Amino acid sequence: MAKKPIRVAVTGAAGNIGYALLFRIASGQMFGADQPVILQLLEIPVEGPQKALKGVAMEIDDCAFPLVQGMTLHGDANEAFGDANWCLLVGSKPRGPGMERADLLKDNGKIFVAQGQAIDRHAAADARVAVVGNPCNTNCMIAASQAKRLSPDRFTAMVRLDENRGRAQLAQKAGVLVTEVSDLFIYGNHSPTMFADYTHAKIGGKDAATVIGDKAWLENEYLPAVGKRGAAIIEARGASSAASAAGALVDHVRDLVTPGAIHSVAIPSGGRYGFADGVWAGMPVKSTANGYEVITSYEMDDFAKSKIKITNDELLSERDTVKEMLG
Ligand code: NAX
């Protein structure tokens, strides 16, 4: 029997990531080749983005995707999240020239207060949320705090792009296929402070650090290169990561709905791995039928602990900046 369609709300749907994302959702890469979807697309309620959204929707129509059983376009979050089973929060404001990080946090934080409340009022009882819009960990914390009806663990932020970048760079250094790299997880914030934990990673089933055999490269080149990859993409392409970010969101959600999948997700830390309780921090999880279990078995050495402290301190300072926005 054909599956019932799921409702997928996407914000910032006419943006760069939106344009690379929607066609992959519509083709079945996120929820499966037999899972119909109804797309509920949100853009800011002004003429330019609304017109662009219409154009994107026209192209989705023109693909005649068999899995797309409906599509609605919105300028109001209360409508866009109506009965949504998945809310993909991609839209937010980019950092403007001369803008301080604290201003960005406060500006974008307001979006996530409103969207968290709209999700609380209108999304499906089983709704799950994935936040991409930056600063994604803290935006996710804000949205979750406003949505009391849903458990905080339904709210996740995306660190999968960092995991994918970290795996690709280890594979290139070792001269192996990316599929040979496993157990590489991202801890902490989606920002240059993140810790890509190569100390437990494996290449071809063997300890990655031993295979690479160059501790100085891992500490001094690899970690900063993964952390600053977003800036390197902007420098090279003249625009921020879009297709790779969309690809990472496909991976993030697909693995969350695939029981047994093990991957990095930013979740309410619960004090695990030395993170402060209440911040959303990247760490490894194993997906289950309805959610995930956190993998807590990795023992961190002093170097890893010092890296986790730095990214935890940044998450705490972000939380402090937006404290009046937490519901
Ligand atoms: P764009 O500026 O191309 O698109 C964002 C879209 O969101 C715009 O069309 C805008 O009109 C819309 N928007 C803004 N406020 C909105 C609101 N309140 N409701 C609905 N729509 C709204 O940016 P894009 O390149 O698509 O990036 C989107 C976000 O992803 C940015 O915050 C960016 O920093 C973040 N990223 C996060 C990544 C991650 O790994 N977590 C990596 C890629 C990316 O940098």
Side-chain angles (χ1 to χ4, degrees), residues 9-22 40-57 73-81 84 87-96 99 101 104-105 107-119 129-143 155-166 186 188-194 196 226-235 237-253 263-266 280-282 318:
V10 182
T11 76
N16 286 309
I17 296 175
Y19 191 69
L21 174 69
L22 295 174
Q40 304 182 171
L41 309 181
L42 179 68
E43 259 298 340
I44 48 175
V46 293
E47 197 186 342
Q50 286 295 320
K51 193 167 169 230
L53 182 60
K54 206 167 171 200
V56 174
L73 311 187
H74 305 276
D76 180 346
N78 291 300
E79 292 171 7
F81 295 127
C87 304
L88 308 181
L89 309 188
V90 178
S92 67
K93 282 191 200 161
R95 190 164 169 172
M99 198 175 185
R101 189 172 167 85
L104 180 76
L105 274 160
D107 251 27
N108 278 334
K110 286 181 211 148
I111 295 174
F112 292 84
V113 169
Q115 293 186 352
Q117 290 173 353
I119 289 167
V129 180
V131 180
V132 173
N134 278 324
C136 64
N137 299 53
T138 295
N139 289 338
C140 189
M141 175 179 64
I142 293 170
F155 288 75
T156 58
M158 188 175 93
V159 289
R160 183 58 178 265
L161 180 55
D162 310 302
E163 180 187 311
N164 290 349
R165 287 166 169 169
I186 303 297
N189 206 1
H190 168 68
S191 89
T193 68
M194 83 188 74
V226 176
K228 294 180 189 153
R229 182 71 167 180
I233 299 286
I234 293 173
E235 169 64 24
R237 208 173 81 86
S240 63
S241 316
S244 55
L249 185 57
V250 170
D251 292 344
H252 173 106
V253 176
H263 51 129
S264 310
V265 181
W280 260 248
E318 290 187 7

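Just so you know, residue 1 is the first one in the sequence shown, and it goes up from there. Remember, predicted model here, so these are calculated numbers, not experimental data. In listed order, ligands and their atoms are each counted from 1.
For ligand 1, the protein residues placed under 4.0 Å by at least one non-hydrogen atom are Gly12, Ala14, Gly15, Asn16, Ile17, Leu42, Glu43, Ile44, Val90, Gly91, Ser92, Ile111, Gln115, Val132, Gly133, Asn134, Cys136, Met158, Leu161, His190, Ser240, Ser241, Ala245.
Two residues are said to be in side-chain contact when any heavy atoms from C-beta on lie closer than 4.5 Å; Leu89 and Phe81 meet this criterion. With a 4.5 Å cut-off on side-chain heavy atoms, Leu21 and Val90 count as touching. No side-chain heavy atom of Asn137 sits under 4.5 Å from any side-chain heavy atom of Met141.
Not a single side-chain hydrogen bond (donor to acceptor under 3.5 Å, both in side chains) links Ser92 to another residue, sequence neighbours left out. For Thr11, the side-chain hydrogen bond (donor to acceptor under 3.5 Å, both in side chains) test picks out no residue, with sequence neighbours left out. Residues passing the salt bridge (Lys or Arg N to Asp or Glu O under 4.0 Å) test with Asp107 are Lys93, Lys110, sequence neighbours excluded.
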